[in-house]
Each structure stands twice: as structure tokens, then as C-alpha cells.
Amino acid sequence: MCPKCGGPSKDGGLCGKCLVGSVPWFTCDHRVIITRCGGCGSLKTAAGWGDSSREREDLEEDAAISAVKFHQDVKKPLVTVKLDHLSINRTYADLVINGTMYDEPLEGYYSLEVVWQNESCDRCNRQHGSYYEGIVQIRAEERKATVQEQEEAQRIAVQVENDMQKEGERLSFICRFDEGREGLDIVVGSQALGELISREITRRLGGRVTLHPTLVGEKNGQKLYRITYLVRLPWLQRGDVIAVRNTYGEILHSEGRTLTYLDLKTGLPRTIPESTPARLIANVREADIFSVIYRDGKMLGILDPISGKTEEINQVTWRNPDVGDTVKIIRDNERAIVV
Ligand SMILES: [Zn+2]
Ligand SMILES: [Zn+2]
């Protein structure tokens, strides 16, 4: 017998009903606060700031459920939430709370408030405070970096930034792009980002990176540096046509200290050390487009559609253009080179 109510008891102690009545089986907060960044929408959790793409309802439901704390002996806890939006930063949550304790099924009700609070996150704070840790400078060897190269560098930088943000590297953001007379400067919020961007640019466009740290201060006894990642793109770039080793070559790519070009006589790719003597003629972007109007043995008759002039060139065996096709021509003095 239960000593309190006289009902049946398993072991002579308090019965389930009396045990449950003697302790609260759950507690709940009156309000929960969700802190979000007004600038970028990041959410603050116990673990710190993080990006989130979850829906408002989803987050509110989770927050409401997290407000309920069950007694440790409660089995099969379940919270059902009904949300009622009151305003942009205030929602009521009606909870139905279920569980079993000492074999007694339990049901309770609770209403609480979910409040949205705005705060500026770590990343936005840094961005507004014009904090930065490095600059990636895009320059080229003995010439100016072209518009195309600068645009490509910018695209690569944004891609690297997106990848790092997705991996949760929140503070790896690009502060800004500065287009100066010398070339493009990419100002970055973290050295990890500066390092990756400069590496990726040279991987795709060739050239090399040198690091130049500047001491900017000291924090907690540690020296703070800003790093300039100086990217020197190679003298020759993709699409450049060069006179090299008694032939003409069109640069395909440049990696580290080697160049790969398409031999315009044979149509075969060749890789040479960057230091091989070569003469730059022009880039294929500057080529004129001619139409092939006749073929005479090993000669091709081509027409400049703009000037209306015609001329004859040797057939390009590896590419084999035919009457009706177009060919791109670059000139080395008087000589026409098909690229
Ligand atoms: Zn009892
Ligand atoms: Zn933010």
C-alpha cells in the first residue's frame, strides 16, 4: 500500500501518482531569445556565430522545444509546438508536452514567447570596422596585368571565398577590391583566405607568389602582422602568340616556371622552361578574322571581310580549313600567322 494515498504500490513505497505529484516533471522558460545578426542573418548559438539558411518557423520551433527541461526520470518526452506570429520579432509558442514517469502517462501545456534580437555578428563587426589581415596584389612580370587577368583573378577570389564560407570559415571574407593603376588589390579578412586566393590564382594563371609581412601592432604579447601576397603573373599569358625556336607558338597555359604552347606549324603542344628566349607578337584576342574563299593546291585564298582585300597563305595542314571556313590571322610584320 502507498503510505500517502493508500492506493496500490509496487514495493510499499509511494505509488506512481504520488511520486509524480511530489516533483515537477518538467520546467519551462517563459521566453527564449534567438539572437541574429541584422547585417547578414547569422545566428548566435552557445558555440558562437554561424551562418544559417533555416526558415524562421523552424528556428522558432527548435528554440521553443529547447526551453523545456524534463525531469531525468521522464520517458518518451515529446513537445508539440504551435506558433503564433505576433510581430516581426515576437512569436507566441503554445506547447503540448507529453511523457511518462513511473509508468504514469503525463500531459502538460505551456505558452512561451520567442523573441528575436538583433546583434552585429563577429564578421559584420570586422567588416564595418575595416579590419583586414592581408592584401593579395595582382601584378604581372614586366607588364601590366590585363583587364581579363584582373577579372579572372576577381572571379577566382570570390569562388575561394564562397568555398571557405561554406566550410564555416566565417572570418575569411573579402573586404573589398581596389583597382589601382598598378593592378588589382584584393583586401582579405583572414590570412588563410589570402593564402588560398593567391595560390589558386597562380595555379590557374601561372606566375608566383611572394609574401611580405608588415608588423601592425601587438595583442596579448603576440605580434600582429598584415601580409601582402604579391602575385606576379607570367610575362606571357594564355593566348599570346610568340616566335620561339624557329616557329610560332600559341600559349596554352603557364604553370610555375614552365610554359606550354601550341606549335602553330605542327598543331602539337610543347612545354618549355619559362626562361626560353621568345618574342611576343600579339594575343589571339587581337586576331583578324578572314574567310577562306578558294583553295589552290597547298595555297588558300583568304578575304578580309572588312577591307575586302584578298591574299594567299599556305594551307595549315593540322587545322585544314576549307572554303567557307573562317581563319584567325595575326601578323608578324608582313607575315600572316593562322592561330
Ligand atoms: Zn500514492
Ligand atoms: Zn553579420
Side-chain angles (χ1 to χ4, degrees), residues 1-26 32-60 62-63 66 70-76 87-91 97-108 114-135 154 157-178 186-194 196-197 219 226:
M1 253 172 38
C2 167
K4 194 166 172 190
C5 68
S9 157
K10 268 183 193 161
D11 52 6
L14 287 175
C15 73
K17 275 197 182 69
C18 291
L19 268 174
V20 168
S22 65
V23 287
W25 63 282
F26 76 89
V32 282
I33 292 172
I34 305 177
T35 306
R36 130 192 89 181
C37 173
C40 67
S42 292
L43 291 175
K44 192 185 193 177
T45 63
W49 286 98
D51 286 304
S52 170
S53 55
R54 297 177 61 201
E55 297 292 323
R56 171 177 176 169
E57 280 74 18
D58 232 22
L59 292 162
E60 289 175 337
D62 271 11
S66 74
F70 286 96
H71 186 280
Q72 58 181 13
D73 294 337
V74 172
K75 304 272 192 300
K76 295 186 227 158
S87 69
I88 195 150
N89 53 13
R90 207 164 285 263
T91 298
I97 302 156
N98 291 96
T100 58
M101 192 168 160
Y102 313 128
D103 295 329
E104 292 291 320
L106 301 164
E107 183 163 270
V114 181
V115 178
W116 289 84
Q117 183 175 278
N118 273 343
E119 205 177 284
S120 191
C121 77
D122 49 358
R123 181 173 51 203
C124 288
N125 267 337
R126 280 192 171 193
Q127 274 166 337
H128 297 151
S130 64
Y131 174 97
Y132 67 99
E133 285 192 353
I135 304 177
Q154 199 158 337
V158 170
Q159 213 168 52
V160 172
E161 180 196 36
N162 282 341
D163 289 348
M164 286 193 86
Q165 291 284 324
K166 264 186 226 146
E167 282 164 25
E169 295 274 348
R170 297 175 48 75
L171 301 178
S172 287
F173 54 83
I174 295 169
C175 307
R176 62 180 188 276
F177 294 101
D178 288 340
I186 307 167
V187 184
V188 292
S190 82
Q191 286 169 9
L193 182 62
L196 272 187
I197 289 176
K219 195 180 176 186
R226 260 181 205 148

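Below, each value reflects all heavy atoms present in this structure, side chains not excepted, and no hydrogens, waters or symmetry copies. All ligand and atom numbering here is 1-based and tracks the order in the structure. All figures in this text were calculated on a predicted structure; none of them were measured in a lab. Note that the numbering runs from 1 along the sequence shown for the chain.
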Examine distances only and state if a side-chain atom of Q117 and a backbone atom of I34 form a donor-acceptor pair shorter than 3.5 Å. no

Determine the sole option in L196, L193, I135 for which the side chain to side chain contact (heavy atoms under 4.5 Å, CB included) test with V188 is passed. L193

Any donor and acceptor pair, going by atom type alone, linking the side chain of R226 with main-chain N or O of Y132 inside 3.5 Å? yes

Counting no waters, how many protein N/O/S atoms sit under 2.8 Å from the Zn ion (ligand 2)? 4

Any sub-3.5 Å donor-acceptor pair from E161's side-chain atoms to S172's backbone N or O? no

With 2.8 Å as the limit, count the protein N, O or S atoms near the Zn ion (ligand 1). 4

Counting only heavy atoms not in D103 (residues, nucleotides, ligands), do more than 12 fall under 6.0 Å from its CG? no

Under the 3.5 angstrom rule, does the side chain of R56 hit a backbone N or O of I88 as a donor-acceptor pair? yes

Those residues at least two apart in sequence (or on a different chain) that pass side chain to side chain donor-acceptor pair (under 3.5 Å) with D163 are none

What pairs with E107 under side chain to side chain donor-acceptor pair (under 3.5 Å), at least two apart in sequence or on another chain? N98, Y109

Over 60° means perpendicular and under 30° means parallel, so tell me whether W25 and F70 are parallel, tilted or perpendicular. tilted

